[in-house]
Structure formats: structure tokens, C-alpha cells
Amino acid sequence: MKSYKDLSPSLRTIMTPGPVEVDPRVLRAMSYPILGQFDPEFTELMNETMEMLRDVFQTKNQWAYPIDGTSRSGIEAVLVSVIEPGDKVLVPIYGRFGNLLVEISERCGAEVVLLEREWGTVFDPEEIIATIHREKPSIVAIVHGETSTGCIQPFDGIGAACREVDALLVVDAVATIGGVPVKTDEWQLDAVIGGTQKCLSVPSGMSPITYNERVEAKVLRRKTIERGLREKGSAVSAGKPVASNYFDLGQLQDYWSPKRLNHHTEATSMLYALREGLRLVLQEGLEERFYRHKRHEAALVAGLKAMDLSLYGNPDCKLTVVTCICIPDGIAGESVRSMLLNSFGIEIASSFGPLKGQIWRIGTMGFSCNQKNVLHVLGALEAVLLWHGADIAVGKALQAALTLYARKEEELPC
């Protein structure tokens with residue numbers, strides 16, 4: 001019989017737009033003993049997680065809980081629960097993940113209206129608002145921060161416009177929650193989906209969501225109790241039920257409510273991890289955390305520019321936690337990434353779709369977002385680019401970053 005060696009993954013400096021490095025305190029939390037999912041000690045942990053999620057999402061919504069699965073599970077849970085066949089869904093697209101919203105919406109039977117921008121730019125909110133008034137969709141689904149392009153979409157007035165036509169505003173904040181402000185209530189966002197493996201610095205495997213009474217009303221209109229759990233006299237929805245059992249928010253609400261109506265077996269260790277990750281976010285403080293991400297982004301950008309590298313995308317809409325670099329002419333992008341990994345233990349990301357082979361993407365997210373990592377990646381990238389014969393400015397990148405780090409808080413370009 002074949003034998004297998006002990007598991008011993010290499011220690012990496014992960015500077016991708018996700019996954020990122022995980023705080024050792026989160027990893028420690030995952031090692032704690034398993035509790036039964038209806039043990040009062042465990043349900044209290046569930047309640048605490050919901051409380052902390054409300055704070056991180058900056059909302060007073062009753063419903064704020066994780067979907068078990070990767071970030072895509074949260075997106076799918078919200079969309080499959082609110083989209084009924086024939087609903088008109090407006091999707092403004094400015095990168096890969098806007099296209100994902102289109103694909104899921106189409107699979108739900110929606111009539112999808114596309115609004116597209118060239119990658120590397122975002123929409124003027126007025127353009128989206130005008131389209132909302134013209135199309136009068138049932139749902140507007142939009143990405144807040146596009147990791148594929150390193151751009152962030154402003155939401156000025158979009159939530160209010162959705163209320164005017166009675167549309168639900170669903171926002172993919174997978175890349176932004178915990179790293180930049182996501183003001184759910186102030187921006188009038190009806191449903192927001194987050195991810196664990198990016199700025200929250202928790203392993204991939206859960207997708208925190210929150211939604212308000214407007215979303216809940218639609219969820220409840222489609223609500224049905226699972227066949228094997230129905231008691232005599234249980235109400236069964238007269239409408240078309242949600243197509244997915246696993247992602248049915250109506251059933252998940254019952255599971256996360258005081259009813260604790262059985263739905264699935266909770267991912268115990270992942271809940272420990274999420275609770276600890278959220279605790280650390282709030283312990284640091286949201287404003288302090290947002291500032292930390294801006295500070296290290298500024299140092300990274302200063303170093304890259306000092307190296308004479310070109311950044312991709314419109315700087316006016318740059319996403320704080322992802323920096324995209326144009327691969328210099330004549331340089332094999334994958335060879336550079338491979339050497340960074342094999343010689344320095346650093347992982348940065350390439351791209352896909354129309355940007356495949358054109359840009360590198362460096363994430364400064366969560367626990368990975370620190371001075372040591374920024375300086376490490378700048379020094380290593382300079383060395384590897386020189387090895388590949390790139391025409392760059394030598395010896396300036398680290399000095400530029402160090403100069404920025406030496407500046408006082410009020411002097412930083414943040």
C-alpha cells in the first residue's frame with residue numbers, strides 16, 4: 001500500500017487578491033473542540049457572530065449570518081432566493097465578477113439587462129441611476145470592488161434610485177468587506193455579500209451576508225418548510241419555491257433564528273474561525289483597519305512607481321486592496337511569478353479573460369497587509385525583473401516605500 005508523507009505546506013508570503021495569509025489566532029480557533037450545532041454554547045457563538053457581522057457590515061439589519069461555502073455560495077444564495085423567473089435584473093459590468101452575477105441571474109430565469117464599461121474603469125453613478133429609471137428592474141446586482149481589474153464602484157445615489165422604482169439592490173462586497181468601508185445602511189444596500197478569504201483573513205469556506213426587511217419580504221413570499229421537517233398544519237408557499245434547498249434564505253433564516261430549525265450541519269470549525277476573525281477586525285477598529293489598508297497600499301504604489309512600472313486602470317477608481325501592474329513589454333509574466341514563488345516564497349496573481357497575460361495583481365488584504373510583506377514583495381519583484389532583463393529603475397523602490405512609511409499619518413496620500 002502506498003504511504004503518504006506528513007502534511008507540511010510551504011510557508012508563503014501571499015500577496016494575491018485572495019486567498020490571503022490567516023492570522024495565527026484564527027488558525028488556533030479552528031483547532032478547538034467540536035460542539036454540537038444545537039449545543040447552547042455553540043448557538044451562543046452563532047449569535048455573537050451575527051452581532052459582529054452587523055458591526056462589520058455597518059448595519060442594523062436583523063439578518064446577518066454566513067452561508068457555508070466559498071464566497072460564490074453567498075452570491076448564489078442571495079440571487080437564487082430573490083430572483084423569480086421573469087424578473088428583470090440590471091447588472092452593471094466592469095470586470096469578471098459582474099459577468100458572474102449575469103450568469104447566476106440567467107440560471108435563475110431572469111431577464112438580464114446589461115450595462116457594460118471597459119475593464120479598468122467604473123460607472124458614473126448617474127449612468128446607473130438613469131438606467132434604473134429607464135428599465136425599472138426588480139433587482140440591481142453590482143460588484144463593489146472588482147479584484148479582476150483593481151477598481152471600486154462608487155454608490156452615490158444608487159440605493160435611493162432603487163427605492164424609487166422598488167428594486168432590490170444586491171451588492172457583491174466579497175473583496176471589500178473588512179478592508180474598505182461598506183456602509184450597508186447609509187448607502188441603502190438591500191443585500192450585501194462578503195467573503196472570508198480576503199480582507200477578513202479567514203480561510204475560504206464561508207460567505208457572510210446581510211439583508212434587510214425588503215429582501216426578507218420577498219424571501220418570505222416564497223417560503224416553504226422542507227418536506228421532512230413539516231409538522232401538521234405547516235404553511236406551504238403557494239408561489240414557486242426557491243430552486244435551491246441548500247441556498248434557500250427562507251430556510252436558512254429559520255436555522256439562524258431562535259427557532260434553530262434544522263437545515264444543514266453547521267461548519268463548526270469555520271464558524272470558530274469567522275467569529276475570531278470578526279473579533280480581531282472589531283478589536284482593531286474599522287476606521288483603523290481601513291487606514292492600515294490605505295497606508296500599505298500607498299507604500300506599495302510608491303515603490304512600484306519608483307521602479308518605473310505602470311499601473312493598470314483609472315487611478316480615480318483604484319481599489320485600495322488590489323494593485324494591478326502592467327507587465328512590461330517583452331517580459332514573460334508567468335516566468336516572473338514562478339521565480340517570485342520558487343526563489344522568494346512570494347505569490348502574486350496573474351489575471352484572466354481579456355487581461356490574461358497583460359497584468360499582475362498584488363493584494364494588500366487583511367493579515368497579509370503589513371510593512372514586512374510590502375517591502376519583501378518590492379525587493380523581490382525588482383530582483384526578479386532585473387533577472388528577466390526588464391528596463392526598470394534600480395534601487396529606488398524600497399527607498400520610496402520606506403520614505404512613505406516614515407511620513408506622519410496626516411502627510412500620507414490617503
Side-chain angles (χ1 to χ4, degrees), residues 9-21 95-96 118-121 146-151 175 197-198 293 295-315 317-405 413:
S10 298
L11 187 61
R12 304 292 197 197
T13 298
I14 306 178
M15 300 294 282
T16 71
V20 302
E21 297 168 15
R96 174 193 171 182
E118 181 182 356
W119 288 25
T121 63
E146 263 285 1
T147 54
S148 65
T149 63
C151 294
Q197 78 281 13
K198 297 182 186 283
H293 283 83
R295 180 170 184 258
H296 295 302
E297 174 212 28
L300 175 65
V301 168
L304 294 170
K305 288 183 175 179
M307 217 184 298
D308 286 341
L309 292 174
S310 298
L311 301 188
Y312 169 80
N314 183 344
C317 58
K318 184 186 180 303
L319 175 59
T320 301
V321 296
V322 181
T323 299
C324 298
I325 307 160
C326 298
I327 298 174
D329 291 341
I331 299 299
E334 289 306 294
S335 178
V336 168
R337 288 206 319 123
S338 178
M339 190 171 182
L340 282 172
L341 187 67
N342 295 326
S343 298
F344 293 90
I346 297 172
E347 183 182 4
I348 66 171
S350 56
S351 196
F352 25 64
L355 293 178
K356 184 176 181 180
Q358 296 185 36
I359 65 171
W360 295 306
R361 297 176 299 141
I362 298 178
T364 42
M365 292 178 159
F367 191 68
S368 289
C369 181
N370 60 65
Q371 182 170 328
K372 175 185 74 69
N373 282 4
V374 169
L375 296 177
H376 189 194
V377 76
L378 285 171
L381 183 59
E382 178 181 300
V384 171
L385 285 173
L386 283 173
W387 180 268
H388 282 77
D391 182 16
I392 60 171
V394 179
K396 296 182 179 181
L398 287 173
Q399 295 305 311
L402 288 169
T403 298
L404 187 134
Y405 281 131

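Each residue takes its place number in the sequence, starting with 1.
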* List the steps and the verdict of side-chain contact (heavy atoms from CB on, under 4.5 Å) for T13 and E21. => CA-CA 7 Å; T13 298; E21 297 168 15; 3.8 Å; yes
Would you mind reporting whether [Y] and [X] have side-chain heavy atoms less than 4.5 Å apart?
X: K318; Y: V301; value: yes
X: T147; Y: M365; value: yes
X: P328; Y: L309; value: yes
X: S351; Y: Q358; value: no
X: R96; Y: W119; value: yes
X: Q371; Y: H296; value: yes

* **Smallest separation among heavy atoms of N370 and Y405, with atom names** =>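 It is O-OH, 4.3 Å.
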* Looking only at non-hydrogen atoms, find the nearest pair between S148 and G95 and report the distance. =>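 Of all heavy-atom pairs spanning S148 and G95, the closest is OG-CA, 3.6 Å.
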I'd like to know whether [atom1] of [X] has more than 12 heavy-atom contacts from other residues, nucleotides or ligands below 6.0 angstrom.
X: N342; atom1: CG; answer: yes
X: D391; atom1: CG; answer: no
X: K356; atom1: NZ; answer: no

* **CA sep, side-chain torsions, deciding dist, call: V336, I327, side-chain contact (heavy atoms from CB on, under 4.5 Å)** => CA-CA 10 Å; V336 168; I327 298 174; over 6 Å; no
Measure the [atom1]-[atom2] distance between [X] and [Y] for me, rounded to the nearest 0.5 Å.
X: T149; Y: L319; atom1: OG1; atom2: CG; answer: 8.0 Å
X: H376; Y: L381; atom1: NE2; atom2: CG; answer: 11.5 Å
X: S368; Y: N373; atom1: OG; atom2: CG; answer: 5.5 Å
X: D308; Y: L385; atom1: CG; atom2: CG; answer: 11.5 Å
X: I362; Y: L378; atom1: CD1; atom2: CG; answer: 7.0 Å
X: E146; Y: C317; atom1: CD; atom2: SG; answer: 11.0 Å

Where the side chain of [X] meets the backbone of [Y], is there a donor-acceptor pair that is under 3.5 Å apart?
X: R361; Y: T16; result: no
X: Q399; Y: G395; result: no
X: S338; Y: E334; result: no

* Please walk me through it: do H293 and T364 pass side-chain contact (heavy atoms from CB on, under 4.5 Å)? -> CA-CA 7 Å; H293 283 83; T364 42; 5.6 Å; no
